[in-house]
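A quick write-up on the structure given underneath.
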2 protein chains.
Amino acid sequence: MVPIARRHHETDDMNLKQFAELAGVSTATASRALSGTGRVSEETTTRIAALAEKLGYQPNAIARNLRTQRTMTVGVLVPMGHDALQHLSDPFFNTMIGFLADALVEHGYDLLLSRVLPDDERWLDRYIGTGRVDGLLVIGQSDQYHVIESVARRYRPMVVWGGQMPGQRHCAVGSDNFRGGVMAAEHLIARGCRLLAYAGPRQGVEFGERLAGVRAALAAAGLPDPIELPSHFEPDAAYRDLAAHLGNLATMPDGIVAGADVTAASMLKALAEMGCDVPGTMRVIGYDGLPIAGHLVPALTTIDQQLREGARIMVDLLMRRIAGEEAASVRIEPRLLLRQST
Amino acid sequence: MVPIARRHHETDDMNLKQFAELAGVSTATASRALSGTGRVSEETTTRIAALAEKLGYQPNAIARNLRTQRTMTVGVLVPMGHDALQHLSDPFFNTMIGFLADALVEHGYDLLLSRVLPDDERWLDRYIGTGRVDGLLVIGQSDQYHVIESVARRYRPMVVWGGQMPGQRHCAVGSDNFRGGVMAAEHLIARGCRLLAYAGPRQGVEFGERLAGVRAALAAAGLPDPIELPSHFEPDAAYRDLAAHLGNLATMPDGIVAGADVTAASMLKALAEMGCDVPGTMRVIGYDGLPIAGHLVPALTTIDQQLREGARIMVDLLMRRIAGEEAASVRIEPRLLLRQST
DNA sequence: CCCAACTGCGCAATCGTTTACTCAGTTGTC
DNA sequence: GACAACTGAGTAAACGATTGCGCAGTTGGG
């Protein structure tokens, strides 16, 4: 039979059979010696290991994956409407992905960033169906809550960054957004603010809860509802939104809760260009606790979601679920990260 | 034979054989119908496609990969000393990875972020040897130049973000760092600066070339060499470095070239806390052109490396190399991105 | 001395696809 | 009417590993 089209490039095209032959043992023994599993004599093991090192032989991962039915790879998805991957440049996702990568690596797993277009109801099924990953980490429920929920019924090894609704089936890790909203508002009130604004995107459960928290804290303090300054997610658009809002306001607030640190950054920029002093005339608090927030001018006070810790928890839960154990959702306590903008 | 350990979780555990049986055809025909390759009648093709949709059957990607010897996956590596993945939270890498993901997705490739510890000379060989990826994108040559160079001799499908040295074997895409340094310095000089400082990390070829460019431009203008303010890469450490430097300076410069936008951000913060007005008393220019730089206060003037474009080029070159064609290095022309900090 | 237990290793099945080759039936051409 | 060309579909051999089971040789206990 004529050889079929082969890999185009190879550093060393040796397979286990050839290697075993060179080593003078069977493929079974070679495999066991290299993986350190099964009964192989000490001597044979070291001899084979040395030969592998010398020849630069490494077992093919794909074949191993097929046989063992494990890929040691975890998929990371960011389901955000049509242009999902565009948003990978968003600092929040970036940061999250970085932290997840750190945590996954510690468990020996790789991280696969894939194309997913939430165009129909079955995008998640299609992604899982190909069997390329051992588990799934989803960053944000976005508007795909019901899809995630329905998949979670049959597919266990999945952990989602996001909120927990009553009766929710899928495993989620996320900060208590309502509580965070309360904390942000309370902080501004304690600083003497009497009229707050909430700036941020409208879509997404998280943002709704944060706003609700702000509202609740204001009500509890006997203060008026917040002015709402809706904005896009994408920084440039958000900046334009916010600058326009600020120009149109009848009465200026004396404190602003931003739905996210990136929104707060856009807000700081718009305020600076209006000549509005922060925190003198206006106090601004963000939400997320991204590392970069500490490097804005003025350094941003923010509600810290403890993303690094959150990523670690997500991965831990996922490992448990991959192992077949149960693992319940975890709610992270938000913390006030006090800096100069308030 | 007792079934061996199987995948723990499966949404639908059907294989081609079972599916074909249900469809009343051979596995060959089913496979061909689903992949749209080979001679299958129009009628059979649509019938099988419909059945697959109905049953939610999808061919196993791992098996396909093994058979076709292609994974449709590209590895992305960031070789940076021991704590490689720690640096994934760095805005530069984040941004780059986001852009690369965008570009790869357009070609139908996935992106694999993996553990690589450049602990010995063979880390790259080991990574390639397992055959999990069709190609490799390396972000930054760092101190692994010779390793990359030696691997490039045998392994073709690899493209590196970084500089081009004379006689270099591996394919690199990167901006002309010397030229960028010249541009940055010339801009500050045109703005009236007479004593410049260069702030940035010491390691890395890129930074050395940028500094050399600054030096050359100053020399050409008959101005003194730049004051050097070395700093760490990591933002918090960089901030401390720079604040300390500024406190110790005998004579203050009137313009600063930062080796990277993140360094410029730290610098802006340190200057703001000294009460130094930018751009009034001190002009600051960054390097990279990260989206976030436009959202600093004041918005950062910077040398734009055109990372989005660069990522697209890297992926294009890689696709060509995967296809077995030749593809030479590309040098990107840096551009001045004029904003408020100068 | 016998039988069981253990050790070290090899045989061959298996994971789930793709695809070269084969083959029967149909059509077209001289 | 013979023969070539084409169509549509099936058979079975890969791809490169892991691993259940079997087997020969050794050890040990009763």
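Fair warning: this is a prediction, and the values are worked out from it, not measured in the lab. Chain identifiers are assigned alphabetically (A, B, ...) following the order of the sequence lines, protein sequences preceding nucleic acid strands; residue numbering begins at 1 within each chain.
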A:R321 and A:D316 ion-paired at < 4.0 Å: no
Roughly, in whole Å, what's the span from CG in B:L34 to P in C:dT17? 10 Å
Side-chain N or O of A:Y57 less than 4.0 angstrom from OP1 or OP2 on D:dA17? yes
Just the rounded figure in Å: distance from C1' of D:dA17 to CE of A:M14. 15 Å
If only atom types and distance count, is the side chain of B:D134 paired as donor or acceptor with the main-chain N or O of B:V74 below 3.5 Å? no
Pair A:H146-A:Q144, side-chain donor/acceptor within less than 3.5 Å: no
Is it true that B:D102 and B:R312 make a salt bridge, defined as a side-chain N closer than 4.0 Å to a carboxylate O? no
Can you tell me the distance, in whole Å, between the CE atom of B:M72 and the P atom of C:dT18? 13 Å
Could you tell me whether the phosphate oxygens of D:dT18, OP1 or OP2, come under 4.0 Å of any side-chain nitrogen or oxygen in A:T68? no
Ionic contact status for A:R320 with A:E326, cut-off 4.0 Å: no
Separation of A:K17 atom NZ from C:dT14 atom C1', in whole Å? 16 Å
Closest non-hydrogen atoms of A:G310 and A:V173, given as atom of the first, atom of the second and distance, are O-CG1, 4.0 Å
Over how many whole Å does the gap from B:I62 atom CD1 to C:dT18 atom C1' extend? 15 Å
Show each protein N/O and nucleotides 6-10 of chain C N/O combination with a separation under 3.5 Å, one pair to a line.
unit_1: C:dG8; atom_1: N7; unit_2: A:R39; atom_2: NE; d: 3.3
unit_1: C:dG8; atom_1: N7; unit_2: A:R39; atom_2: NH2; d: 3.2
unit_1: C:dG8; atom_1: O6; unit_2: A:R39; atom_2: NH2; d: 2.8
unit_1: C:dC9; atom_1: OP1; unit_2: A:T44; atom_2: OG1; d: 2.7
unit_1: C:dC9; atom_1: OP2; unit_2: A:S41; atom_2: N; d: 2.9
unit_1: C:dC9; atom_1: OP2; unit_2: A:T44; atom_2: OG1; d: 3.4
unit_1: C:dC9; atom_1: N4; unit_2: A:R39; atom_2: NH2; d: 3.3
unit_1: C:dG10; atom_1: OP2; unit_2: A:S26; atom_2: N; d: 2.9
unit_1: C:dG10; atom_1: OP2; unit_2: A:S26; atom_2: OG; d: 2.9
unit_1: C:dG10; atom_1: OP2; unit_2: A:T29; atom_2: OG1; d: 2.6
unit_1: C:dG10; atom_1: N7; unit_2: A:R32; atom_2: NH2; d: 3.1
unit_1: C:dG10; atom_1: O6; unit_2: A:R32; atom_2: NH2; d: 2.6

Assess whether one donor atom and one acceptor atom, taken from the side chain of B:R67 and the base of C:dT17, lie less than 3.5 Å apart. no
The helix from C:dC1-D:dG30 to C:dC30-D:dG1: angle between its terminal axes, five pairs each, to 10°? 50°
Distance check: side-chain N/O of A:Q69 vs OP1/OP2 of C:dG16, anything under 4.0 Å? yes
No-hydrogen, no-angle side-chain donor-acceptor test under 3.5 Å, A:Y145 and A:Q168: yes
Minimum heavy-atom distance B:I322-B:P157, with the two atoms named: CG1-CB, 3.9 Å
What is the distance, rounded to the nearest whole Å, between atom CG of B:L16 and atom C1' of C:dC15? 13 Å
Nearest whole Å is fine: how far is D:dC15 C1' from B:R64 CZ? 14 Å
Rounded to the Å, how far apart are B:F19 CZ and C:dC15 P? 19 Å
With no hydrogens and no angle check, do the side chains of B:T71 and B:N65 hold a donor and an acceptor under 3.5 Å apart? no
